[in-house]
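Here the structure is a predicted model, which means the values were calculated and not measured. Numbers here are sequence positions counted from 1.
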Amino acid sequence: MATGTEPQPKIGGVHTGTRAAIAAPHLRTDRWWLAPAVTAAGLLAFVVYSTWRAFADSNYYSAPYVSPFYSPCLAERCSTMHAGPNADLFGSWWGISPAIIILIFPLGFRLTCYYYRKAYYRGFWASPPACAVAEPHKKYSGETRFPLILQNVHRYFFYAALLVAGTLTYDTVLTFRDEHYHWGHMGLGTLVFVANIVLIWAYTLSCHSCRHIVGGKLKHFSKHPVRYKAWKFVGKLNNRHMQLAWASLISVALADFYVYLVASGAFDDPRFF
């Protein structure tokens with residue numbers, strides 16, 4: 001008598017001889033495809049925009065604002081920024097956009113981030129496309145082989161992300177100047193930069209690697225009360241890691257776009273005082 005659980009032909013993936021003989025690819029009736037589709041569209045939009053801006057090599061500085069995509073600016077060809085985050089570490093031999101020098105660090109941090117791995121694994125690779133939906137791949141090796149084993153460098157990109165966040169904090173402080181570098185002024189761009197740096201720090205500190213660094217390898221929290229409080233704080237941020245990942249991704253793009261509008265002359269930065 002057929003029971004519906006007879007072994008299937010071994011064709012790979014989840015469809016192996018040890019699985020139940022269910023003809024349907026999955027039993028979900030909701031719009032499970034919507035979340036990975038929106039995720040893929042959002043990430044693709046950011047990739048297209050950031051690629052354009054990174055290679056544009058123009059309209060990234062208008063005193064006192066500097067695009068977060070170009071900070072710190074480390075090439076000789078950088079725009080002159082009064083007390084700004086520019087240092088001629090790469091001489092005149094660097095012939096392309098200076099943004100390429102620095103973007104590898106925040107992008108590397110995000111690409112190896114635990115949440116973003118889930119996002120683009122599902123959105124672009126369908127691995128798996130959604131919960132309880134089988135992936136189309138016949139084999140699965142996780143992150144144990146090249147190139148995915150390189151995801152383990154995430155903890156090192158975290159340290160670089162701290163330096164970048166520190167630089168962007170300095171950039172935000174400089175936005176309390178006017179176009180003549182006089183202190184005690186604030187424009188709309190200042191608010192844009194303040195919102196961006198708050199989200200950047202929140203996302204960075206909500207990182208799983210940060211949580212491990214703060215509270216990992218401790219046998220007794222009672223003997224480390226300061227680290228325990230820090231671990232609890234980072235844990236609360238970690239609960240919102242996905243939301244902070246998207247919010248900071250959008251905010252950094254908006255901050256760059258704001259600088260582009262002001263630097264290109266398409267928009268005048270309103271001044272509050």
Colleague: Given F176 and H185, is the side-chain contact (heavy atoms from CB on, under 4.5 Å) satisfied, shown in steps?
Modeller: CA-CA 5 Å; F176 287 90; H185 299 272; over 6 Å; no
Colleague: Tell me whether D256 contacts the main-chain N or O of S67 through its side chain, where contact means a donor paired with an acceptor under 3.5 Å.
Modeller: no
Colleague: Can you list the residues that meet the salt bridge (charged side-chain N to carboxylate O under 4.0 Å, His left out) rule with D171, with sequence neighbours excluded?
Modeller: none
Colleague: Are Y258 and F193 close enough that their ring centers fall under 6.0 Å?
Modeller: no
Colleague: Can you tell me if N239 has over 12 outside heavy atoms packed within less than 6.0 Å of its CG?
Modeller: yes
Colleague: Taking all heavy atoms of V164 and all of P106, pick out the closest pair and write down the distance.
Modeller: CG2-CD, 4.3 Å
Colleague: What closest approach, in Å, do V252 and L249 show between heavy atoms, and which atom pair accounts for it?
Modeller: CG1-O, 3.2 Å
Colleague: From the options Y203, Y115, Y116, select the one residue that forms a ring pair (Phe, Tyr, Trp, His ring centres under 6.0 Å) with H241.
Modeller: Y203
Colleague: Just jot down the side-chain contact (heavy atoms from CB on, under 4.5 Å) partners of P129, sequence neighbours excluded, or say none.
Modeller: W32, A126, V133, E135
Colleague: Would you say W52 and V47 are hydrophobically clustered, going by side-chain heavy atoms of ILVMFWY under 4.5 Å?
Modeller: no
Colleague: What residues form a disulfide (SG to SG under 2.5 Å) with C73, not counting sequence neighbours?
Modeller: C78
Colleague: Got a second to check how far T112's OG1 is from E143's CD, nearest 0.5 Å?
Modeller: 10.0 Å
Colleague: Just wondering, are more than 12 heavy atoms of other shown residues or ligands nearer than 6.0 Å to CZ in R271?
Modeller: yes
Colleague: Going only through I, L, V, M, F, W and Y residues with side-chain contacts under 4.5 Å, is there a path from L237 to Y159?
Modeller: yes
Colleague: So, using salt bridge (charged side-chain N to carboxylate O under 4.0 Å, His left out) as the criterion, who are the partners of D30 when residues are at least two apart?
Modeller: R28
Colleague: Assigning hydrophobic clusters by single linkage (Ile, Leu, Val, Met, Phe, Trp, Tyr; side-chain heavy-atom cutoff under 4.5 Å), is V153 placed with Y114?
Modeller: no
Colleague: Counting only heavy atoms not in F257, do more than 12 sit closer than 6.0 Å to its CZ atom?
Modeller: no
Colleague: Would you say F157 and L162 are hydrophobically clustered, going by side-chain heavy atoms of ILVMFWY under 4.5 Å?
Modeller: yes
Colleague: How about I104: does its CD1 atom have over 12 heavy atoms from other parts shown lying under 6.0 Å from it?
Modeller: no
Colleague: In terms of hydrophobic clustering (I, L, V, M, F, W, Y; side-chain heavy atoms under 4.5 Å; direct or indirect links), are Y65 and L254 co-clustered?
Modeller: no
Colleague: Counting only N and O atoms by type, is there a donor-acceptor contact under 3.5 Å from the side chain of R177 to the main-chain atoms of P64?
Modeller: no
Colleague: Got F109 and H154 here, is their nearest side-chain heavy-atom distance under 4.5 Å?
Modeller: yes
Colleague: To the nearest 0.5 Å, what is the distance between SG on C113 and CD on Q151?
Modeller: 10.0 Å
Colleague: Using side-chain heavy atoms (C-beta onward) and a distance below 4.5 Å, is L43 in contact with W246?
Modeller: yes
Colleague: Closest approach of P98 and Y60, non-hydrogen atoms and distance?
Modeller: CG-OH, 4.3 Å
Colleague: Please identify each residue that fulfils side-chain contact (heavy atoms from CB on, under 4.5 Å) with A255, with sequence neighbours left out.
Modeller: P68, V192, N196
Colleague: Do R211's NZ or CZ and the ring of F233 fall within the cation-pi criteria of under 6.0 Å and 45°?
Modeller: no
Colleague: Could you check whether Y228 and F221 have their ring centres less than 6.0 Å apart?
Modeller: yes
Colleague: Using modelled atom types only, decide if a donor and an acceptor are shared between the side chain of R240 and the backbone of S206 within a distance under 3.5 Å.
Modeller: no
Colleague: Are the side chains of S50 and F69 in contact, using a 4.5 Å heavy-atom criterion?
Modeller: yes
Colleague: I need the minimum non-hydrogen distance between D269 and G189, along with the two atoms involved.
Modeller: OD1-N, 3.0 Å
Colleague: Between Y120 (side chain) and L111 (backbone), is there a donor-acceptor pair under 3.5 Å?
Modeller: yes
Colleague: Are there over 12 heavy-atom neighbours, none belonging to Y156, within less than 6.0 Å of that residue's OH?
Modeller: no
Colleague: Verify whether one side chain among W201 and S248 offers a donor that lies under 3.5 Å from an acceptor in the other.
Modeller: no
Colleague: Specify the closest pair of heavy atoms between T175 and T190, including all atoms of both residues, with the distance to one decimal.
Modeller: O-OG1, 2.9 Å
Colleague: With side chains defined as the heavy atoms from C-beta onward, is the minimum distance between S71 and L168 less than 4.5 Å?
Modeller: yes
Colleague: Would you say the side chain of T39 lies within less than 4.5 Å of the side chain of R122, judging by non-hydrogen atoms?
Modeller: no
Colleague: Can you sort out the partners of Y61 under side-chain hydrogen bond (donor to acceptor under 3.5 Å, both in side chains), two or more places apart, ordered by chain and number?
Modeller: none
Colleague: To the nearest 0.5 angstrom, please state how far the NZ atom of K217 sits from the NE2 atom of H212.
Modeller: 5.5 Å
Colleague: Please step through side-chain contact (heavy atoms from CB on, under 4.5 Å) for the pair L174 and W183, ending with a clear verdict.
Modeller: CA-CA 8 Å; L174 294 183; W183 289 95; 3.8 Å; yes
Colleague: So, taking the atom named CZ in F273 and the one named CE in M186, what distance separates them when rounded to the nearest 0.5 Å?
Modeller: 4.5 Å
Colleague: For F158, look at atom CZ and say whether over 12 heavy atoms of other residues, nucleotides or ligands are found less than 6.0 Å away.
Modeller: yes
Colleague: Would you give the length of the straight line joining atom NE2 of H224 to atom NE2 of H220, rounded to the nearest 0.5 angstrom?
Modeller: 8.5 Å
Colleague: Looking at W125 and P128, would you say the former's side chain and the latter's main chain have a donor-acceptor pair under 3.5 Å?
Modeller: no
Colleague: Taking all heavy atoms of I213 and all of R227, pick out the closest pair and write down the distance.
Modeller: O-NH2, 3.3 Å
Colleague: If you measure from CG on L188 to CZ on F267, what distance do you get to the nearest 0.5 Å?
Modeller: 5.5 Å
